[in-house]
K.L.:
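Shown below is the structure under consideration.
Numbering starts at 1 and runs along the sequence shown.
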Amino acid sequence: MQEYKPFKEGKVREVYDNGDSLIMVATDRISAFDHILKNKITKKGAILTQMSKFWFDFTKDIVPNHMLSVDVKDMPEFFRSERFDGNSMMCKKLEMLPIECIVRGYITGSGWASYQENGTVCGIKLPEGLVESDKLPEPIYTPSTKAEIGLHDENISFEQSVEVLEKIYPGKGADYAAQLRDKTIALYKKCAEYALSKGIIIADTKFEFGLDENGNVVLGDEMLTPDSSRFWPLEGYEAGKSQPSFDKQFVRDWVKANPDNELLLPEEVVIKTVDKYKEAFELLTGTKFES
């Protein structure tokens, strides 16, 4: 049996080269504030992979995506083991574009901090009188550049995203930048409306896109998972304060409150986090998560 080694390892994911495709594995590692914690969050990788699959299927009418299969039977023998079952996705190879496509439908986090300071989020002027966690009149697109592991992404304006892409693809920067913006907002609107009907508010999220062999823009990476998005429960939502969430907020809160944590979480935080991820998956997909 051929052995495979990841050629790219992120904080929580591993990517393997499979000739004309890639195999992306979502591990059970979890990070907070750019540090990988020592705990594993059981089945987190599988929940995230299956959630991405759900959204890729749901949005393929808006934009094509890179997913080929999440069934290990379609993958080389090396991946047909429990370690990879459920948390692996075979994907088309894309030339990834160096822009993180962030869309915000509600004002929270760093956006709320910026708005309090000067009434803008990432340079976009917003109406006066918004309160924390308010729904924005229209979703806003706030791209950023992708940073290497350990460094922070940098927010850029739409015009700067045109410049970044124009440098790499002369004559096509404006077209690609407009496609990224328009597809990001269309994806968000469709998915946020659907999620709301299932009791989940998608406050903000990020997408990544690449080009296929014909230069078409294709959705890549992961999609609308609690790792790449802020999910809030609709029940109990009230603007004017921060909201409880379905993502790794438990982890972040605990790490913040315990600065001498040595990157090790107590078991109850791990269990709560797994339960939240599962709950989000089951509400959104309408199916039980089979571990």
K.L.:
With distance as the sole test, does Ser157 use its side chain to make a donor-acceptor pair with the main-chain N or O of Cys122 at under 3.5 Å?
P.N.:
no
K.L.:
Hey, is Lys8 close enough to Asp17 for a salt bridge, meaning N to O under 4.0 Å?
P.N.:
no
K.L.:
Please round to the nearest 0.5 Å and tell me the distance separating atom CE of Met51 and atom OG of Ser229.
P.N.:
8.5 Å
K.L.:
Give me the atom names and distance for the closest heavy-atom approach of Phe246 to Lys276.
P.N.:
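Nearest heavy atoms, Phe246 then Lys276: CD2-O, 3.6 Å.
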K.L.:
Would you confirm whether Ser114, through its side chain, and Thr120, through its main-chain N or O, come within 3.5 Å as a donor-acceptor pair?
P.N.:
yes
K.L.:
May I ask you to check whether over 12 heavy atoms, not counting those of Glu268, lie within 6.0 Å of atom CD?
P.N.:
yes
K.L.:
Quick check: is Trp55 connected to Ile185 through a chain of hydrophobic side chains (ILVMFWY, heavy atoms under 4.5 Å apart)?
P.N.:
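Yes; Trp55 is reachable from Ile185 via cluster members.
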K.L.:
Quick check: Tyr194 with Phe54 (ring centres under 6.0 Å apart)?
P.N.:
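Under 6.0 Å, so yes.
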K.L.:
Between atom OG of Ser69 and atom CD1 of Ile23, what is the distance when rounded to the nearest 0.5 Å?
P.N.:
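Result: 9.0 Å between the selected atoms.
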K.L.:
Grouping I, L, V, M, F, W and Y whenever their side-chain heavy atoms are under 4.5 Å apart, do Leu97 and Leu22 come out in a common cluster?
P.N.:
no
K.L.:
Does Glu208 offer a backbone N or O that forms a donor-acceptor pair with the side chain of Glu100 under 3.5 Å?
P.N.:
no
K.L.:
Once you round to the nearest 0.5 Å, how far does OG1 of Thr49 lie from CZ of Phe281?
P.N.:
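Here the interatomic distance stands at 10.5 Å.
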K.L.:
Is there a donor-acceptor contact under 3.5 Å linking the side chains of Asp227 and Tyr277?
P.N.:
yes
K.L.:
Under 6.0 Å between ring centres, would you say that holds for Phe209 and Tyr176?
P.N.:
no
K.L.:
Could you check whether Asp221 pairs with Lys206 (Lys NZ or Arg NE/NH1/NH2 to Asp/Glu carboxylate O, under 4.0 Å)?
P.N.:
no
K.L.:
If you draw the axis of the six-membered ring of Tyr106, does the NZ or CZ of Arg230 fall within 45° of it and under 6.0 Å from the ring centre?
P.N.:
no
K.L.:
Hydrophobic clusters here meaning ILVMFWY residues chained together by side-chain heavy-atom distances under 4.5 Å, can you tell me if Met75 and Val15 are in one?
P.N.:
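The answer is no; the residues belong to distinct hydrophobic clusters.
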K.L.:
Ring-plane angle category for Tyr115 and Trp112, please: parallel below 30°, perpendicular beyond 60°, tilted otherwise.
P.N.:
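The arrangement is parallel - the two ring planes meet at less than 30°.
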K.L.:
Are Met24 and Leu68 connected into the same hydrophobic cluster when the rule is that any two of I, L, V, M, F, W, Y join if their side-chain heavy atoms are below 4.5 Å apart?
P.N.:
no
K.L.:
Hey, is Glu279 close enough to Lys272 for a salt bridge, meaning N to O under 4.0 Å?
P.N.:
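Not counted as a salt bridge, because no side-chain N and carboxylate O are separated by less than 4.0 Å.
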K.L.:
Could you tell me the separation between the CG atom of Leu165 and the NZ atom of Lys172, rounded to the nearest 0.5 Å?
P.N.:
12.0 Å
K.L.:
Side chains of Asp212 and Lys92, heavy atoms from C-beta outward: is any pair under 4.5 Å?
P.N.:
no
K.L.:
Would you compute the distance between atom CZ of Arg13 and atom CG of Asn87 and round it to the nearest 0.5 angstrom?
P.N.:
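Between atom CZ of Arg13 and atom CG of Asn87 there are 11.5 Å.
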K.L.:
Measuring from Ile99:CD1 to Ile156:CD1, what's the distance to the nearest 0.5 Å?
P.N.:
4.0 Å
K.L.:
Counting only heavy atoms not in Lys256, do more than 12 sit closer than 6.0 Å to its NZ atom?
P.N.:
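Incorrect, the count does not exceed 12.
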K.L.:
For residues Lys241 and Ser133, determine if any side-chain heavy atom of one lies less than 4.5 Å from a side-chain heavy atom of the other.
P.N.:
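A side-chain contact is absent here, since even the closest heavy-atom pair is not under 4.5 Å.
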